[in-house]
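The next block holds one structure in the form of structure tokens; read it before the comments.
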Amino acid sequence: MLSKQRVVVVGNGMVGHHFVQQLVSQNQADEQFEITVLSGEDRLAYDRVQLSSFFKGKTADDLALTCNKTYDDWQVRFHTHSKVVDINRDMQTVTTAKGELFEYDKLVLATGSFPFVPPIPGKDREHCLVYRTINDLHAIKNSAHGSKVGVVIGGGLLGLEAANALKQLGLHTHVIEFAPQLMGVQVDAGGGRLLKNKITDLGVTVHTSVATEEIVEGESCRYKMCFKGGKTLETDMIVFSAGIRPYDNLAREFNLELGERGGIVINNHCQTSDKNIYAIGECALWNDFIFGLVAPGYAMAKIAVGHISQDTQQGSLQSTGLDNKADEFSGADMSTKLKLMGVEVGSIGDAHARSEGAISYYFEDQANGIYKKIVTNSQSNKLIGAVLVGDTSDYDNLLQYHLNDIELTTDPEALIMPLAGDIAELSADDLPDDAIICACHKVTKHTIEQSVSNGCIDLASVQQSTKASTGCGGCEKLVQNVINSVLAKASNTINVVTLNEPVKQPA
């Protein structure tokens with residue numbers, strides 16, 4: 001009998017926890033692995049995607065993804081307040097700031113990222129904060145008690161979430177963005193313009209193309225922000241949300257290969273330059289790219305679990321439940337759908353139409369605050385990108401066209417323009433069996449169909465069985481569509497059998 005493999009996981013964010021969950025569920029973890037989790041925070045994993053709900057009344061316990069009892073039941077050893085400060089690659093040990101030493105056979109770095117704070121003079125003042133952890137949220141809430149005006153530096157996704165938090169706390173809120181538009185990564189100039197208008201209408205003042213040069217003492221508020229060009233703005237609180245940087249300090253200090261601009265270099269198995277050390281999530285650099293969404297991190301976690309299990313079982317993947325197609329990481333789709341301050345925003349594929357020969361189609365309803373754009377290939381028969389602001393009802397349909405490379409059978413504009421023609425809306429039956437229905441957990445149509453065939457006949461039971469739509473929840477409608485399709489086919493089969501039965505004559 002093989003001895004247990006010692007797996008040490010550094011970091012217990014969403015991706016680190018998902019790795020543990022996958023390793024436990026895909027293997028007889030208590031027999032094959034001795035799992036140790038080291039969390040630098042003072043609590044176990046929680047849902048960072050839903051952080052803004054904290055300001056709507058949710059507690060830290062509501063956001064928790066696991067608890068002490070769950071890890072005890074899984075026989076996972078865990079240590080909070082345990083920041084790792086040393087890796088001895090020769091002896092295969094890690095040491096925490098508290099002096100605890102842990103031996104490993106496989107080490108998984110799931111250290112995530114940290115907020116980037118621009119080097120602005122005055123940035124270290126007491127009420128200059130960041131928006132990243134539950135402790136950060138407590139600090140923002142405490143600062144808001146004595147504040148009237150709040151500023152967020154950064155107009156990306158997290159910046160707008162932070163602005164929403166300040167607004168919910170009752171502060172007069174400003175957003176400062178260096179770029180000429182909001183959410184420049186996800187939406188194009190047209191979508192950014194409409195997004196700015198809608199957020200302004202909600203009572204948040206947006207300043208674009210603005211560079212902060214210094215933060216000094218204020219006159220009517222705590223601080224005064226001095227901008228390039230001479231303009232100023234007074235505020236009581238400043239929240240920095242100007243992007244993230246990979247938390248790669250351990251790799252930097254202990255000679256693992258790094259990217260030129262940071263990030264721990266990994267191969268398709270999520271291994272670093274040391275074959276016994278893996279990196280997953282926002283700290284990992286794959287093909288010169290860092291993925292800032294949770295779904296790619298989950299995919300990396302699953303790949304790392306498969307590879308560690310394969311190595312442990314001497315090349316056999318059978319007992320892991322993973323098929324051969326899932327044993328390498330090959331990138332991830334960065335499409336996303338969200339709601340910011342009640343404003344719906346969707347971004348799919350090549351939203352900026354940067355592909356050679358790309359053709360864009362636009363629809364804008366200024367009266368109702370709706371902007372839609374789709375991007376096709378040069379033949380206009382494949383959808384390669386989209387931007388939706390103000391109305392994301394078409395998102396699921398467009399995403400499936402993009403993810404599954406489905407040929408357009410109608411004019412492209414019919415996908416987004418009212419009365420442009422028959423809407424080519426996809427149903428579950430139009431999708432191939434290997435279509436990814438849930439991007440967060442990589443759940444295919446076939447997996448959901450199998451779940452329904454095995455007796456999970458409603459959304460809740462399918463969610464529990466497959467994890468589909470339990471991430472961001474954006475695919476819930478399509479998951480229900482697949483369930484309905486399977487049940488309808490089963491019902492028709494039953495009806496055919498009944499009709500074909502011979503009619504019994506009365507005795």
Side-chain angles (χ1 to χ4, degrees), residues 14-15 18 21-22 47-50 52-53 65 157 186 291-302 325-326 331-340 343-349 351 372 374 383-406 415-416 423-454 456-489:
M14 296 180 73
V15 172
H18 192 73
Q21 188 177 43
Q22 289 287 309
D47 190 346
R48 292 190 199 276
V49 175
Q50 301 296 329
S52 59
S53 64
L65 295 175
L157 168 57
Q186 290 86 4
F291 297 88
L293 298 176
V294 70
Y298 283 178
M300 290 181 189
K302 189 172 183 179
K325 288 188 286 188
D333 184 74
M334 296 295 284
S335 302
T336 185
K337 178 174 71 171
L338 47 108
K339 184 177 286 190
L340 296 164
V343 180
E344 296 181 1
V345 179
S347 175
I348 294 173
K372 298 183 180 183
I374 59 170
L383 189 144
I384 62 173
V387 174
L388 305 169
V389 178
D391 175 15
T392 56
S393 57
D394 298 322
Y395 178 86
D396 290 345
N397 193 47
L398 298 176
L399 182 63
Q400 291 303 318
Y401 272 106
H402 167 62
L403 289 181
N404 298 294
D405 200 32
I406 296 173
L415 294 171
I416 55 172
I423 298 176
E425 185 166 349
L426 295 170
S427 70
D429 294 336
D430 297 319
L431 302 176
D433 287 345
D434 60 355
I436 300 294
I437 303 297
C438 174
C440 290
H441 292 284
K442 296 294 183 202
V443 184
T444 65
K445 171 186 169 183
H446 178 64
T447 299
I448 296 171
E449 289 177 333
Q450 279 191 319
S451 177
V452 177
S453 298
N454 291 336
C456 300
I457 60 173
D458 57 31
L459 180 63
S461 56
V462 167
Q463 287 174 324
Q464 184 174 6
S465 170
T466 67
K467 301 296 183 185
S469 80
T470 61
C472 71
C475 61
E476 186 174 299
K477 180 180 177 182
L478 192 53
V479 173
Q480 186 64 63
N481 193 319
V482 176
I483 296 170
N484 293 344
S485 174
V486 176
L487 294 178
K489 290 175 183 176

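To the nearest 0.5 Å, atoms CD (Gln50) and CE (Met14) are separated by 8.0 Å. The line from NZ of Lys477 to CD1 of Ile437 is 13.5 Å long, rounded to the nearest 0.5 Å. The CG atom of Leu398 sits 10.0 Å away from atom OG of Ser335, with the distance rounded to the nearest 0.5 Å. Atom NZ in Lys442 sits 5.5 Å away from atom CD1 in Ile436 (nearest 0.5 Å). Leu399 contributes atom CG, which lies 5.0 Å from atom CD1 of Ile348 (distance to the nearest 0.5 angstrom). Taken from NZ in Lys337 to OG in Ser393, the straight-line distance is 9.0 Å, to the nearest 0.5 Å.
Using a distance-only test at 3.5 Å, with no hydrogens or angles considered, no donor-acceptor pair links the side chain of Ser465 to the main chain of Ser461. Between the side chain of Ser451 and the backbone N or O of Thr447, no donor-acceptor pair lies under 3.5 Å. Counting only distance, with no hydrogens or angles, the side chain of Asn404 and the backbone of Ile406 share no donor-acceptor pair below 3.5 Å. Between the Lys445 side chain and the Leu431 main chain, a donor and an acceptor come within less than 3.5 Å of each other. The backbone N or O of Thr392 sits less than 3.5 Å from a side-chain atom of Glu344, completing a donor-acceptor pair.
Nearest heavy-atom pair across Leu340 and Leu157 is CD2-CD1, 3.8 Å. Shown here for Tyr401 and Leu415, the closest heavy-atom pair between the two residues is CE1-CD2, 3.9 Å. In terms of heavy atoms, Gly331 sits closest to Phe291 at CA-CZ, 3.9 Å. When all heavy atoms of Ala435 and Gln400 are compared, the closest pair comes out as CB-OE1, 4.2 Å. In this structure, Glu449 and Asp433 approach most closely via the heavy-atom pair OE1-OD1, 4.0 Å.
Counting heavy atoms from C-beta on, the side chains of Ser469 and Leu459 come closer than 4.5 Å. Val15 places none of its side-chain heavy atoms less than 4.5 Å from the side chain of Met300. In this structure, the side chains of Met334 and Pro296 come closer than 4.5 Å at one or more pairs of heavy atoms.
For His441, the ring pair (Phe, Tyr, Trp, His ring centres under 6.0 Å) partners two or more places apart in sequence, or in a different chain, are His18, Tyr298.
Side chains of Gln480 and Asn484: a donor on one and an acceptor on the other come within 3.5 Å.
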